[in-house]
Amino acid sequence: MINFDNAATSKLDEAVKEKYVSYLNMDLLNPSSPHLGGYNVFKMLEKARLDTLKLLNLDKSHQLIFTSGATEANNLAIQGIANKYQNRGKHLITTSVEHPSVSNVFFHLEKDLGFEVTYLSPNKEGVVTLEELKKHVRKDTILVSIMAINNETGAINPIEEIASYLKNFPTIFFHVDIAQAIGHHKLEFKDIDLLSFSAHKIHGLKGSGALIYRKNIIFSPLFYGGEQEASFRSGTEDVEKDLVLNYTISNVFNLLDKNYLRMKSLHDKLYDGLLKLDKFLILNSLRDGSSFIINFSLKKMRASVLVEALSNEGIYVSTSSACSAKKSKMSYVIYAMFKDTFRAENSIRLSLGYDNKKEDIDIFLKTLTNLLERLSL
Ligand code: PMP
């Protein structure tokens, strides 16, 4: 089996699995308990938070709370800020190409709670530019949410530049979904107010992730209870998963340092191989986007037919993102870029993981060429 659907989820790293089992075997107690057993676990969690912040080059001016993943972190950040600061202003800015765990939150705030939302369009390279944002910032804007790397195209948004611009607006919070960036691309997060991610995109556990926020920010929780996680996320912590998150990130940062050139060369080999198939397909990703995601559209055949044919050959790829693929025939991301329905209905996403090898690319390109020649109209 060749997995080119790592943006949906990636293979659990063996060392991460072992670490998780070792925590499960420790019979860890409740970190809120008033005895030494609870306090020891509390201290372990505090250390894991600080170590993770350090890995992301952040210091104690940021705080990390553990969540069940990027979906929860995105909801907590966006709903939390919107609810808390709505008296200051009801204008929100996001993009038309966010993951549904961001866009559906904005749709809800707009439809049900009377917020006004501006959806920034990407350019033809899939990038949302600072110039585009500048046109829409208003006095009553309270939140800007822009993903770091697009999960369908791998387009890299200029989030450092945007963060630096937004520093001129102290009443606007800046949230960034880094689910497809963390461990894949080194970025500077210092000037960003809120960051969300999931562990399973970087060879970690499913149902695990975090929201990082600037420590002085207060936002509304999504649910109420025992006031764990700085009172923003009540409920007894999933301690073993939370502890292993730090290990997952340190592991993937090592992988990033050691494998940066290897992943880039796998990516470029795949990209160049696809370019040669221009009779059958057109690329939707830039060559200098993420080294982990390449998107293309078929010119003469249905994407679903190719996905199934590749799957029958043991090669797993995706149409749009896993969260949208079953619901809509069209990729709203590709449509937002090119306004071309056929191109948006027939896009394919290839997403690499650290466990992919050069041979996977060779086999894929050979199989793809054969299938395209056989199946094209
Ligand atoms: N944001 C982005 C950019 C993603 O790619 C994903 C996963 N597809 C998510 C958020 C949601 O992550 P999870 O399903 O782990 O909550």
Side-chain angles (χ1 to χ4, degrees), residues 5 7-8 70-71 73-75 77-78 92-110 117-137 143-163 166 174-182 184-185 187 192 194-198 201 282-286 288-290 292-297 303 318-351:
D5 193 20
T71 297
N74 285 335
N75 271 269
I78 299 163
L92 314 168
I93 300 178
T94 187
T95 82
S96 58
V97 292
E98 297 295 311
H99 184 269
S101 61
V102 167
S103 54
N104 281 338
V105 186
F106 281 102
F107 297 156
H108 159 65
L109 292 170
E110 193 178 23
V117 183
T118 299
Y119 298 92
L120 305 176
S121 299
N123 61 20
K124 286 209 164 17
E125 298 176 341
V127 175
V128 179
T129 63
L130 174 59
E131 286 62 44
E132 188 58 25
L133 170 67
K134 279 184 181 170
K135 289 185 216 157
H136 297 279
V137 171
L143 174 67
V144 173
S145 178
I146 299 179
M147 69 202 320
I149 294 188
N150 186 273
N151 52 300
E152 288 195 34
T153 61
I156 303 172
N157 287 321
I159 56 153
E160 292 159 350
E161 208 189 333
I162 291 173
L166 287 175
F174 184 32
H175 166 250
V176 181
D177 175 347
I178 59 167
Q180 298 293 345
I182 188 169
H184 288 173
H185 198 83
L187 291 168
I192 295 169
L194 303 118
L195 297 154
S196 325
F197 61 90
S198 278
K201 309 285 180 188
I282 182 160
L283 280 146
N284 298 322
S285 298
L286 283 187
D288 62 0
S290 164
F292 291 78
I293 300 176
I294 300 179
N295 195 300
F296 63 86
S297 289
S318 178
T319 45
S320 47
S321 78
C323 300
S324 322
K326 284 200 178 139
K327 283 161 220 127
S328 163
K329 282 204 328 203
M330 184 162 93
S331 157
Y332 60 89
V333 176
I334 304 305
Y335 188 79
M337 287 165 67
F338 305 107
K339 308 282 181 294
D340 175 335
T341 309
F342 190 85
R343 190 163 177 173
E345 276 177 354
N346 294 295
S347 67
I348 302 245
R349 176 184 71 181
L350 310 177
S351 50

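Numbers here are sequence positions counted from 1.
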Undergrad: Compare all side-chain heavy atoms of Met147 with those of Thr94 and state whether any distance is below 4.5 angstrom.
TA: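 Sidechains of Thr94 and Met147: no contact.
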Undergrad: Can you measure from CD1 (Ile334) to CG (Asp340) and round to the nearest 0.5 angstrom?
TA: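 Atom-to-atom, Ile334:CD1 and Asp340:CG are 10.5 Å apart.
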Undergrad: Can you tell me how far OG of Ser198 sits from CD1 of Ile178, rounded to the nearest 0.5 angstrom?
TA: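 One finds 10.5 Å between CD1 of Ile178 and OG of Ser198.
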Undergrad: Find out whether Asp5 and Ser351 are in side-chain contact, i.e. whether some heavy atom of one side chain is under 4.5 Å from a heavy atom of the other.
TA: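 Asp5 reaches Ser351 side chain to side chain.
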Undergrad: Is the closest side-chain donor-acceptor distance between Ser196 and His175 under 3.5 Å?
TA: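 His175 and Ser196 do have a side-chain donor-acceptor pair below 3.5 Å.
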Undergrad: Within the structure provided, determine whether Ser145 and Phe106 are in side-chain contact (heavy-atom separation under 4.5 Å).
TA: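 A side-chain contact under 4.5 Å exists here.
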Undergrad: Hey, does Glu110 have a side-chain heavy atom less than 4.5 Å from the side chain of Tyr119?
TA: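 They are in contact (side-chain heavy atoms under 4.5 Å apart), so the answer is yes.
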Undergrad: Are Val117 and Phe107 packed together at the side-chain level, in the sense that at least one heavy-atom pair is separated by less than 4.5 angstrom?
TA: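 No, side chains not in contact.
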Undergrad: When you measure from the side chain of Tyr332 to the backbone of Glu98, do you find a donor-acceptor pair of N or O atoms at a distance under 3.5 Å?
TA: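 At least one qualifying donor-acceptor pair exists.
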Undergrad: Looking at Ile159, is its backbone amide N or carbonyl O close enough to the side chain of Asn157 to form a donor-acceptor pair, meaning the two atoms are under 3.5 Å apart?
TA: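 Between the backbone of Ile159 and the side chain of Asn157 there is no qualifying donor-acceptor contact (under 3.5 Å).
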Undergrad: Under the ring pair (Phe, Tyr, Trp, His ring centres under 6.0 Å) rule, collect the residues that match up with Phe342, sequence neighbours excluded.
TA: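 Here no residue qualifies.
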Undergrad: Over all heavy atoms of both residues, which pair between Ala8 and Arg349 is shortest? Give the atoms and the distance, please.
TA: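 Nearest heavy atoms, Ala8 then Arg349: N-NH2, 3.7 Å.
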Undergrad: Are side-chain heavy atoms of Val128 and Leu133 found at a separation under 4.5 Å?
TA: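 No - every pair of side-chain heavy atoms lies 4.5 Å or more apart.
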Undergrad: Measure the CZ-CG distance between Phe296 and Asn346 for me, rounded to the nearest 0.5 Å.
TA: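 Result: 10.5 Å between the selected atoms.
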Undergrad: Restricting to non-hydrogen atoms, name the atom on Gly126 and the atom on Ala155 that form the minimum distance, rounded to 0.1 Å.
TA: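 The answer is O-CB, 3.4 Å.
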Undergrad: Side chains of Asn150 and Gln180, heavy atoms from C-beta outward: is any pair under 4.5 Å?
TA: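 They are not in side-chain contact.
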Undergrad: For Ser331 and Glu152, which I'm curious about, is there any donor-acceptor pair between the side chains at under 3.5 Å?
TA: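 Looking only at side-chain atoms, Glu152 and Ser331 do form a donor-acceptor pair, the distance falling under 3.5 Å.
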Undergrad: Any side-chain donor paired with an acceptor under 3.5 Å for Asn284 and Thr153?
TA: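 Distance-only check fails for Asn284 and Thr153.
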Undergrad: Would a 4.5 Å heavy-atom cut-off, applied to side chains only, mark Glu132 and Thr95 as touching?
TA: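 A side-chain contact is absent here, since even the closest heavy-atom pair is not under 4.5 Å.
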Undergrad: Considering all heavy atoms of both residues, which atom of Ala344 and which atom of Met330 are nearest to each other, and what is their separation?
TA: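 Closest approach of Ala344 to Met330, heavy atoms only: CB-CG, 3.4 Å.
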Undergrad: Enter the distance from Asp288:CG to Ile156:CD1 here, rounded to the nearest 0.5 Å.
TA: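 Answer rounded to 0.5 Å: 7.0 Å.
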Undergrad: Looking only at non-hydrogen atoms, find the nearest pair between Ser285 and Asn295 and report the distance.
TA: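 In this case the closest contact between Ser285 and Asn295 is OG-N, 2.8 Å.
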Undergrad: Hey, could you give me the CD1/CG distance between Ile192 and Leu187, rounded to the nearest 0.5 Å?
TA: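 The CG atom of Leu187 is 7.5 Å from CD1 of Ile192, to the nearest 0.5 Å.
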Undergrad: Between atom CE of Met337 and atom CZ of Arg343, what is the distance when rounded to the nearest 0.5 Å?
TA: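 If I round to the nearest 0.5 Å, the distance is 7.0 Å.
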